[in-house]
Amino acid sequence: MREYDFRKIEEKWRAQWVANKTYHVVEDETKKKFYVLNMFPYPSGAGLHVGHPLGYIASDIYARFKRQQGYNVLNPMGYDSYGLPAEQYAIQTGQHPEKTTFQNIDRYREQLDKIGFCFDWDREVRTCAPGYYHWTQWAFQKMFNSYFDNTLGKAQPIEQLIANFEAKGTEGIDAAGSEELRFTAEEWKAMSEQEKSQTLMNYRIAFLGETMVNWCPKLGTVLANDEVIDGVSERGGYPVEQKKMRQWCLRVSAYAQRLLDGLQTIDWSDSIKETQKNWIGRSEGAEVQIKVADSDIDFTIFTTRADTMFGVTFFVLAPESELVAQLTTAEQKEEVDKYLTYVKSRTERERQIDRTVTGVFSGSYGINPITGEKCPIYIAEYVLSGYGTGAIMAVPAHDSRDYAFARHFNLPIIPLVEGADVSEESYDAKEGIVMNSPMEGKSSLNGFSLNGLTIKEAIEATKKFVSENGLGRVKVNFRLRDAIFSRQRYWGEPFPVYYKQGIPCMIPEECLPVELPQVENFLPTESGEPPLGNAQMWAWDEANRKIVDKALIDEKTVFPIELFTMPGFAGSSAYYLRYMDPNNAEALVGEKVSEYWQNVDLYVGGSEHATGHLIYSRFWNKFLFDLGVSKKEEPFQKLINQGMIQGRSNFVYRIKDTNTFVSLGLKDQYDTTPIHVDVNIVKNDVLDVEAFKAWRPEYETAEFILEDDKYICGWAVEKMSKSMFNVVNPDMIVERYGADTLRLYEMFLGPVEQSKPWDTNGIDGCHRFLKKLWQLFWDKDGNLQVDATEPTADNMKSLHKLIKKVSADIEEFSYNTSISAFMVATNELTAQKCRSREVMTQIVALLAPFAPHVAEELWEALGQEGSVCDAQWPEFDEKYLVESSVQLGVQFNGKVRFSMLFPADATPEQMVEMALAAPEAQKHIEGKQIVKTIAVPKRIVNIVVK
RNA sequence: GCCCAGAUGGUGGAAUUGGUAGACACGAGGGACUUAAAAUCCCUUGACCAUUGCGGUCGUACGGGUUCGAGUCCCGUUCCGGGCACCA
């Protein structure tokens, strides 16, 4: 008997893989490439729990499978080590972020190394390494020096725009901009340097903008929209307020249409595509000019329901709109000011929770361009300044928000859809026949009428009418906003930017990277003063082309450097490209290397990045694609979202005001409080009473009321966290069962994409399977019992059933059923006493992606050359599964009554005949009439009787 | 409110995509081996009825429908999870 000594085996192969550089990958034109990628981790202080490796294991299995199929597989790993989480951890533990980040990285690496991943560590990247963020800064500069040409639908050098301005001003330009500007070449030339810089900022893809930002005083920084959830910060849950600040931004909105279109070309789950669609929020509508009565001012509204123009009874401006000041009349000024003060006093969170109707009349009236009617203009916070034009036409009959407002202020409601009852609520649906457009006896511009059309037809007709009559134009709006790109924080990429008379300029490319300076005090400030202001070495000397000591500023002409840093997503947006060529000092990625690896074929990570990283990355890659650096428009062809591993918490029940604990089954007889208990001292919900007493001093004297001499704990599924005492550490599992068992069990738990609780209890099953498999190879003296024995038909059948199942399952990420199939095959081969080297060799090759350590050991024992990583993936052959006969159920009226053997090649007619001839069939036919017969070869025979 | 995904034993989950529901594993119960424990092996394990043998009825959140046949397809309802949300 040779024992399955997993510790020895795994230690041996870990060392061998390192010594032989088994996982080192080089570009190889003779092989097809396959790029597998995991979302790289933030090295947080808590280390890995069993949930983290789930996705890594799933992708590792796939990577190994592809390699065995003959692909050249890139499967790298690195660390997302800049940004808020890393810095918050450092602040909480009172250490410098650099120190904690490196410590955490080492800890992660140590844990990852134990699980047997086929990562090529020579390609490791760290976003906080100067050699890496060099290219983050480089990409930022490229964005600064580019604008988005709407006609070409892609980024172009800013010089082209400048040339156009020099020659013809804005004429002929259709460029994505913060606002629409119109000026002539002469006006351009007359601008000062500052004005020119300001103007160009309107177009640059990376630009400095004065915008409303999410300011989080507690974190001392601004946050991107996806970092704010329900009005509080995602990290820490601190309040977030709206504040106008000068910030670096990325013109992500310019790419909105391409981000939307690209979704159709990639193989992602519907739900994540849907999430991105919602986030991009395309809506097609019309912009219409509204003249203000008794004034020469006009303003523009945006609507997706152009068909409802006949139902407009008032207009509404966002309180932040610039029009508010212009349109407020003297009589109304006091009230409007009062209202604006009230609006300002409300935080974003209050606005979201409390949605009572508020608003104020501006005193002015707008003229409906189609009906010519005068309608009052209101100011109300339900209209947002950031979307559309910040002004709307209100149609209370067909918009629930307008309806609520109209009811509150007693404004008229005109129904426009036949049969729509608007006495209680608005009719928002886009179905029905239009009426009252115009109302009987009323006129409209050029006799325009929509009556009798369906709503969909009416929308199109109105859009056409509006643009043909110069009242406005068709417009597509997106909810997607530009990304705020600066943070008032220390732990991030410095901007390669300096200021010359207040004008932001790029530090020359050859001087990159601008390294993050060491500072004593890296803490953020509530006022928003960036901690980089504390740096000594921190100004730019153009003459010497270097960053100089701050103290020299007074003596020489030196220009101050940008003190903001970049946000977390800066470094994580193009890291997949850097893995291709991680040590290239000349470029982000070499031309030939980029051409070879193209893009990521399989990306694995959590769905929580749907509106953050996965949008930014796609945007960033599209920009690099426009530059020709990235070779594919979409960075991640297939995306698998691994589910979250939740914790399974255990509870003990303390009787109130005592130190006595009562077992689950008896707890209802007492007044008890449930208390979380460490899952590591509970097995199969039975509490280790002695360990519990030793767990905490206050439980030393605890007493127990048992059932069947056991203390049974309650349980619940919760988030895996320290405070719930349900964290299971992978190191502990590896120590007790081995990495191969951990890998198998994580996959056996259920489908990769599904969230599920971790329950260590089931792990024995997977461990037992490996032991059984191991025993298949050794006789009772511990010698290899596999030899040149000819495989039997049964052996080959078991083997090929397995090949078929596993090959298909891996492609679909159904690893749990693959493992079941292994268990069945092992049992079958054990029962068959299989000794065939041919069969066993192939079994080991199949097992290699799942349990690489034991597979290597057996591969070697079988006398095979090289690593099992390069074992050819076994080929499935149908002929071993061909049966001469099949056992099928015979149904009468859809119910299976008995089963019998049929020849595998029997025709449906023959099957029916045989089934009817069977003795068991007689009692079902007797005295009845056969109405119909159905037979499907290899499936079913059904006979309908009456 | 809108959109997306889901609901199968005590538990995690299978089901060749419309063809014998509950594979595989855990847990539980019984047994073998053992001085004992661990380890290992064997049997039972959806519910109910029958059990001397055969067996029978119900059953995939709930209510309908299509079909010879539905966990799977269609309509409606409930519940849980996720996304978006004064986005005009």
Side-chain angles (χ1 to χ4, degrees), chain A residues 1 3 230 269-283 285 301-306 308 316 318 351-352 355-358 380-384 386-395 398-402 404-405 428 477-481 607-608 610-611 641 643-644 648 684-686 715 744-745 748-751 753-766 768-769 771-772 775 804-805 808 814 816-824 827 887-899 931-936 938-945:
Chain A
M1 193 68 117
E3 214 184 311
D230 293 333
S269 73
D270 287 340
S271 66
I272 208 137
K273 283 189 189 180
E274 195 62 31
T275 302
Q276 291 214 341
K277 269 187 214 165
N278 285 342
W279 190 258
I280 295 167
R282 183 184 199 273
S283 69
I301 56 98
F302 175 75
T303 179
T304 54
R305 290 295 302 276
T308 59
V316 189
R351 253 189 162 191
Q352 273 183 20
R355 294 200 176 159
T356 43
V357 177
T358 65
E381 59 178 342
Y382 85 90
V383 173
L384 306 177
Y387 185 75
T389 58
I392 62 152
M393 63 179 212
V395 185
H398 302 290
D399 182 289
S400 52
R401 296 152 301 177
D402 298 344
F405 195 86
D428 291 14
N477 265 330
F478 293 94
R479 188 150 50 215
L480 184 71
R481 306 292 166 80
S607 55
E608 67 274 18
T611 55
N641 298 115
M644 267 234 299
R648 188 179 185 278
N684 288 333
D685 292 336
V686 177
W715 62 275
L744 285 177
Y745 186 55
F748 188 70
L749 227 41
E753 302 192 66
Q754 193 172 303
S755 287
K756 56 235 155 185
W758 176 270
D759 183 359
T760 309
N761 287 331
I763 200 168
D764 285 329
C766 289
R768 248 171 244 157
F769 154 69
K771 277 198 213 166
K772 279 189 210 166
Q775 291 311 329
K804 186 182 185 183
K805 181 79 181 140
S814 304
N816 54 336
T817 51
S818 296
I819 295 166
S820 296
F822 269 112
M823 290 173 176
V824 172
N827 285 339
Q887 180 136 14
L888 290 182
V890 176
Q891 303 178 343
F892 283 86
N893 291 349
K895 279 211 165 74
V896 177
R897 294 300 169 178
F898 61 92
S899 65
V931 180
K932 193 172 181 180
T933 60
I934 300 101
V936 183
K938 296 187 186 173
R939 286 287 156 83
I940 201 81
V941 179
N942 189 17
I943 292 152
V944 184
V945 291

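All values below were derived from every heavy atom in this structure, side-chain atoms included, with hydrogens, water molecules and symmetry-related copies excluded. Note on naming: letters A, B, ... go to the chains in the order of the sequence lines (proteins, then strands), and numbering restarts at 1 for each one.
Rounded to a whole Å, the NZ atom of A/K277 is 10 Å from the C1' atom of B/C3. Atom CG in A/N893 sits about 12 Å away from atom P in B/A70, given to the nearest Å. The distance from atom CZ of A/F748 to atom P of B/G27 is 12 Å, rounded to the nearest whole Å. The CD1 atom of A/I943 sits 21 Å away from the P atom of B/U67 (whole-angstrom rounding). Here B/C26 presents its C1' atom at 15 Å from CG of A/L744, a figure rounded to the nearest Å. Separating the NZ atom of A/K805 from the P atom of B/A15 is a distance of 6 Å, rounded to the nearest angstrom. Protein atom CZ of A/R479 is 15 Å distant from nucleotide atom P of B/C2, rounded to whole Å. A/N278 has its CG atom 8 Å from the P atom of B/A85, to the nearest Å.
Closest contact between the side chain of A/V896 and the listed nucleotides B/U20, B/A88, B/C4 involves B/U20. Distance from the side chain of A/N827 is smallest to B/A25 among B/A25, B/G19, B/A88. The side chain of A/N942 lies closest to B/G19 when the candidates are B/G19, B/A88, B/C84. Comparing B/C68, B/G83, B/A88 by their nearest atom to the side chain of A/T275 picks out B/G83. The listed nucleotides are B/G69, B/A88, B/C58; the one nearest the side chain of A/K895 is B/C58. The side chain of A/T817 sits closest to B/A15 out of B/G19, B/C68, B/A15.
Within the 4.0 Å cut-off from OP1 or OP2 of B/U40, at least one side-chain nitrogen or oxygen of A/K771 is found. Phosphate proximity of B/C86 to A/R355: present, with a side-chain N or O under 4.0 Å from OP1 or OP2. At the phosphate of B/A88, OP1 or OP2 sits under 4.0 Å from a side-chain N or O atom of A/Y387. The shortest distance between the side-chain N/O atoms of A/Q276 and the OP1/OP2 oxygens of B/G83 is not below 4.0 Å. For A/R768, a side-chain nitrogen or oxygen approaches OP1 or OP2 of B/C26 to under 4.0 Å. In this model, the phosphate group of B/U17 is approached by a side-chain N or O of A/R939 to a distance below 4.0 Å at OP1 or OP2. Of the side-chain N and O atoms in A/S283, one or more sit less than 4.0 angstrom from OP1 or OP2 of B/A88. Using a 4.0 Å cut-off, some side-chain N or O of A/K932 falls inside it from OP1 or OP2 of B/C68.
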* Chi angles and distances behind the side chain to side chain contact (heavy atoms under 4.5 Å, CB included) call for A/S269, A/E274 -> CA-CA 9 Å; A/S269 73; A/E274 195 62 31; over 6 Å; no

* Could you walk me through whether A/S814 and A/N816 pass side chain to side chain contact (heavy atoms under 4.5 Å, CB included), step by step? => CA-CA 5 Å; A/S814 304; A/N816 54 336; 4.2 Å; yes

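No more than 12 heavy atoms of other residues, nucleotides or ligands lie within 6.0 Å of NZ in A/K804, so this atom counts as exposed by the packing criterion.
For B/U72, the base adopts the anti conformation, since its glycosidic angle falls more than 90 degrees from zero. Base orientation of B/G69: anti (glycosidic angle beyond 90° from 0).
Position along RNA chain B of the nearest nucleotide to A/M823 versus A/I392 favours A/M823 as the more 5'-ward residue. Between A/R481 and A/D270, the residue anchored nearer the 5' end of RNA chain B, judged by the nucleotide with its closest heavy atom, is A/D270.
The main-chain N or O of A/F822 is never found under 3.5 Å from a side-chain atom of A/K805 such that the two would form a donor-acceptor pair. The backbone N or O of A/S283 sits nowhere less than 3.5 Å from a side-chain atom of A/N477 that would complete a donor-acceptor pair. Formation of a donor-acceptor pair under 3.5 Å by the A/D402 side chain with backbone atoms of A/V395 is found in this model.
For B/G83 and B/G29, the P atoms lie 41 Å apart once the distance is rounded to whole Å. When the C1' atom is compared between B/A5 and B/G19, the two are found 27 Å apart, to the nearest whole Å. B/A47 and B/U67 have their C1' atoms separated by 28 Å, given to the nearest Å. Here, B/A25 and B/U34 have their C1' atoms 27 Å apart, quoted to the whole Å. Going from the C1' atom of B/U57 to that of B/C2 covers 45 Å, rounded to whole Å. B/A23 and B/U8: their C1' atoms are spaced 13 Å apart (whole Å). B/C49 and B/G59 are spaced 15 Å apart, taking the C1' atom of each and rounding to whole Å. Nucleotides B/U20 and B/U60 have their P atoms positioned 16 Å apart, rounded to a whole Å.
What you find for A/T275 and A/A610 is that their closest heavy atoms are CG2-CB, 3.8 Å.
Heavy atoms of A/Q887 sit under 4.0 angstrom from at least one base atom. Within the 4.0 angstrom heavy-atom criterion, no nucleotide atom of any strand lies near A/V931. At a threshold of 4.0 angstrom between heavy atoms, the contacts of A/E274 are confined to the sugar-phosphate backbone, with no base atom among them. Contact annotation for A/P751: backbone-only contact, meaning every heavy-atom pair under 4.0 Å involves sugar-phosphate atoms and none involves a base. As judged by a 4.0 angstrom heavy-atom cut-off over every strand, A/S820 is placed among the base-contacting residues. Residue A/N816 is classed as a sugar-phosphate contact, given heavy-atom separations below 4.0 Å to backbone atoms only.
In RNA chain B, runs of at least 3 consecutive Watson-Crick or G-U pairs, each pair with both distances below 3.5 Å, span B:1-4 with B:81-84, B:10-12 with B:24-26, B:27-32 with B:40-45, B:46-49 with B:55-58, B:61-65 with B:73-77.
Atoms CZ and CG, on A/R305 and A/D428 in that order, are 7.5 Å from each other to the nearest 0.5 Å.
Judged by distance alone with a 3.5 Å cut-off, a donor-acceptor contact links the side chain of A/Q891 to the base of B/G19.
Using cut-offs of 30° and 60° for the angle between ring planes, the A/Y387 and A/F302 rings count as perpendicular. Taking the six-membered ring where tryptophan is involved, the planes of A/F405 and A/Y382 are tilted, since the angle between them lies from 30° to 60°.
In this view, A/F478 satisfies the ring pair (Phe, Tyr, Trp, His ring centres under 6.0 Å) rule with no residue, not counting sequence neighbours.
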